[in-house]
Number of protein chains: 2
Amino acid sequence: MSGRPTIVEVAAQAGVSIASVSRVLNGKSARSETQQRVRAAVTDLGYVPHATGRALKLGSTLQVAFAVDDVGNPVYTEMMQGVEDGLSGSGGRLLVASTGHDPTDLLALVHSLSRGYADALIISPLRRSPELVAALVALPVPVVVIGQLGDEVPLDVVRTDSRAGVILAHRHLLESGRRRIAFVNGPPDTAPGQARLEGFQEACAAAGLAGRIIQADGFTVTAGEAAWSQVESISPRGRPDAVIAANDLLAFGVMRGAASAGRRVPRQLAVVGIDDTQFARVFSPSLSSVSLGARERGRIAARLLLDRIAAPGIPFRTERVAPRLVVRESSAPLVALAPRPGVPSRPRTPRHPSIASSTSNRSRTS
Amino acid sequence: MSGRPTIVEVAAQAGVSIASVSRVLNGKSARSETQQRVRAAVTDLGYVPHATGRALKLGSTLQVAFAVDDVGNPVYTEMMQGVEDGLSGSGGRLLVASTGHDPTDLLALVHSLSRGYADALIISPLRRSPELVAALVALPVPVVVIGQLGDEVPLDVVRTDSRAGVILAHRHLLESGRRRIAFVNGPPDTAPGQARLEGFQEACAAAGLAGRIIQADGFTVTAGEAAWSQVESISPRGRPDAVIAANDLLAFGVMRGAASAGRRVPRQLAVVGIDDTQFARVFSPSLSSVSLGARERGRIAARLLLDRIAAPGIPFRTERVAPRLVVRESSAPLVALAPRPGVPSRPRTPRHPSIASSTSNRSRTS
DNA sequence: TTGTAGGCGTTATCAT
DNA sequence: ATGATAACGCCTACAA
């Protein structure tokens with residue numbers, strides 16, 4: 001009557017011991033009559049085993065925490081779906097610790113994890129402060145990091161190579177006939193901000209071009225819009241004819257800013273994003289973007305985690321997902337755009353059978 | 001050495017009893033010397049109280065579950081951020097149960113909640129099956145539902161009125177000079193699908209217009225694109241000049257489909273979405289949309305929950321958030337578009353000072 | 001096959 | 001102010 005029924009009451013009702021109840025419920029051997037009585041009592045009382053008791057005894061909660069800096073960024077939702085995919089069937093629940101943009105939050109969260117809320121942690125941090133790394137290593141549960149980490153850190157890691165991703169984008173823009181390529185970066189004190197900046201600089205050096213770098217103050221759409229207004233203030237002579245944005249949200253912001261200023265994409269400005277989020281192909285014009293396999297990285301992270309839980313002693317691994325350029329409308333080659341200057345409003349399918357098709361979903365791997 | 005330190009080891013190290021350790025850690029009175037010794041031992045051993053033990057004793061986990069059908073839909077991310085906002089400071093963690101699109105998942109999740117994983121549940125279900133409602137009511141923890149529920153269900157509810165939202169959108173399209181208004185709906189067996197359909201039918205009746213209804217098979221971008229191809233197959237004479245989509249994702253799909261078919265938005269086709277997700281203002285053209293206050297609903301849900309936890313006995317409440325039309329470019333009035341037919345590519349700011357501005361962020365409440 | 005009993009880590013009562 | 005001890009709900013040797 002008072003509160004939920006416990007195993008004791010079930011045992012009493014069934015006229016057996018609590019051990020028998022537990023056994024029946026966990027599929028251990030028991031006489032069929034005992035099983036009957038226990039099951040009857042269970043449905044009778046509406047008994048549901050309490051997770052906490054079990055967790056305390058077994059020492060595991062069957063919860064996996066997933067921590068990111070910004071759930072508002074679709075790339076993390078996709079990553080999370082990947083994690084869910086990879087976890088499905090393992091009987092675990094997902095504990096999502098999003099935390100706003102406060103950088104101390106992630107650290108606080110990691111610390112709170114050492115209270116045993118979760119059996120494991122998958123984390124994709126924007127910044128890798130020494131404190132964070134130390135906290136992760138000290139955690140009493142398995143940790144998988146999605147992102148770049150120092151080489152010698154004893155953790156399982158899922159990486160991609162966003163530096164190479166930027167280089168892919170740069171080469172593609174060169175091939176599509178652009179020469180004044182600018183880079184809109186997010187905060188350079190983040191791991192992706194740093195890697196992508198390096199990629200851009202390397203690409204520029206290789207091409208013998210001086211690429212302009214614009215700093216946005218976040219990886220958000222709004223930051224991208226603000227960054228665009230910086231571009232607009234550049235004298236027309238030096239104004240870029242192409243932009244690589246450090247992620248899709250920035251790219252969306254740039255495209256919106258450009259549209260508001262009356263600039264035509266891709267005719268006057270080519271744009272390439274990074275992450276290939278679900279909205280990249282939906283925008284008009286659709287956004288060319290470098291996929292970093294967010295969903296796959298999530299799935300792999302889950303797999304690494306399950307492997308480690310199964311065999312805690314195995315050596316730490318680093319898995320890699322290669323970046324993949326997905327060419328869409330926003331970076332259509334100039335040669336394809338030239339023939340029909342008078343009809344800009346038509347769908348921008350290039351009439352010229354050039355290397356890169358601007359059709360929605362073609363992709364090119366490198 | 002073996003595993004994490006427990007309160008027993010701390011007590012031994014400090015030379016006091018476990019009761020004293022517990023007291024010090026929970027801020028009960030203790031002699032200052034005792035406090036010193038305990039704190040020293042704690043830092044010394046790196047002791048962190050184990051959540052499971054505490055939960056078992058206290059009977060509460062400090063976890064709140066948030067369940068939705070599709071985390072891929074940004075409206076739910078926003079709702080979740082609202083929940084987080086509202087929960088912050090309460091010391092609770094958020095357990096996000098997303099579950100793919102399998103409708104049985106939500107039910108399974110709700111059942112699993114009765115295992116005591118969480119102290120409370122906030123749920124925003126697409127479909128309200130009798131089984132689900134029954135399971136929710138039977139749950140031994142407080143439940144707040146975001147969405148429509150039967151009137152007499154003994155639960156706290158946060159509602160909006162998406163039926164009225166559709167009517168807002170319809171009226172706005174009439175004012176912007178459209179007459180052949182179609183409605184792209186999601187599955188009609190969902191609560192929003194049903195309410196929005198009713199709203200459309202009511203609006204059509206009031207206007208004396210026969211509105212065409214197109215069924216999409218989901219609330220997704222892809223479903224919206226497919227729905228658009230149905231529209232394209234309509235004979236030119238009866239083809240709509242405006243579309244209300246049952247949510248933003250469908251609207252994005254429609255706009256993408258329309259763009260691929262060479263239709264111009266808003267000149268040839270006006271589009272209005274529902275939810276006013278973060279990408280509505282970013283798209284080109286930016287999407288007019290009816291905001292249902294997802295973030296605010298999340299915040300309110302959290303508040304209702306905290307109130308109920310504080311005082312379990314209080315009567316159940318239903319809070320309402322009014323829909324709010326946000327007018328943007330995708331539904332610019334025809335009169336504003338007419339004057340300059342030769343320059344369609346310029347930003348679509350209307351030259352005519354009409355009722356509804358098409359500037360990005362203006363909103364009109366009703 | 002079944003029951004008894006101990007323990008997982010914590011908090012809280014009740015003596016001292 | 002402090003310590004011994006009993007729960008909390010469950011699982012699992014071990015003994016019968």
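Remember, it's a predicted structure, so these values are computed and weren't measured experimentally. To find a chain, count down the sequence lines: A is the first, B the second, and so on, and within it residues start at 1.
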Donor-acceptor pair, [X] side chain versus [Y] backbone, under 3.5 Å?
| X | Y | result |
| --- | --- | --- |
| B:Gln81 | B:Arg295 | no |
| B:Asp119 | B:Leu62 | yes |
| A:Gln35 | A:Ala30 | yes |
| A:Arg37 | A:Ala14 | yes |

Distance in angstrom units between [X] [atom1] and [N] [atom2], rounded:
| X | N | atom1 | atom2 | value |
| --- | --- | --- | --- | --- |
| A:Lys28 | C:dT1 | NZ | P | 14 Å |
| A:Ile18 | C:dG3 | CD1 | C1' | 9 Å |
| A:Ile7 | C:dC8 | CD1 | P | 19 Å |
| B:Leu56 | D:dC10 | CG | P | 9 Å |
| B:Leu45 | C:dG9 | CG | P | 14 Å |
| B:Leu62 | C:dT10 | CG | P | 15 Å |
| B:His50 | C:dG7 | NE2 | P | 18 Å |
| B:Arg54 | C:dC8 | CZ | C1' | 17 Å |

Between [X] and [N], does any side-chain N or O lie under 4.0 Å from OP1 or OP2?
| X | N | answer |
| --- | --- | --- |
| B:Ser20 | D:dG3 | yes |
| A:Arg31 | C:dT1 | no |
| B:Arg23 | C:dT11 | no |
| B:Ser17 | D:dG3 | yes |

Using a cut-off of 4.0 Å on non-hydrogen atoms, how would the nucleic acid contact of [X] be classed: base, sugar-phosphate, or nothing?
| X | answer |
| --- | --- |
| A:Ser22 | base |
| A:Ala19 | base |
| B:Val8 | nothing |
| A:Leu58 | sugar-phosphate |

Looking at B:Tyr117 and B:Ser112, what are the two nearest heavy atoms and their distance? CD1-O, 3.1 Å
Choosing from [options], which nucleotide comes nearest the side chain of [X]?
| X | options | value |
| --- | --- | --- |
| A:Ala30 | C:dT10, D:dG9, C:dT2 | C:dT2 |
| B:Asn26 | D:dT2, D:dC10, C:dT11 | C:dT11 |
| B:Pro49 | C:dG3, C:dG9, C:dT10 | C:dT10 |

Given the structure, check if the side chain of B:Lys57 and the base of D:dA7 hold any donor-acceptor pair shorter than 3.5 Å. yes
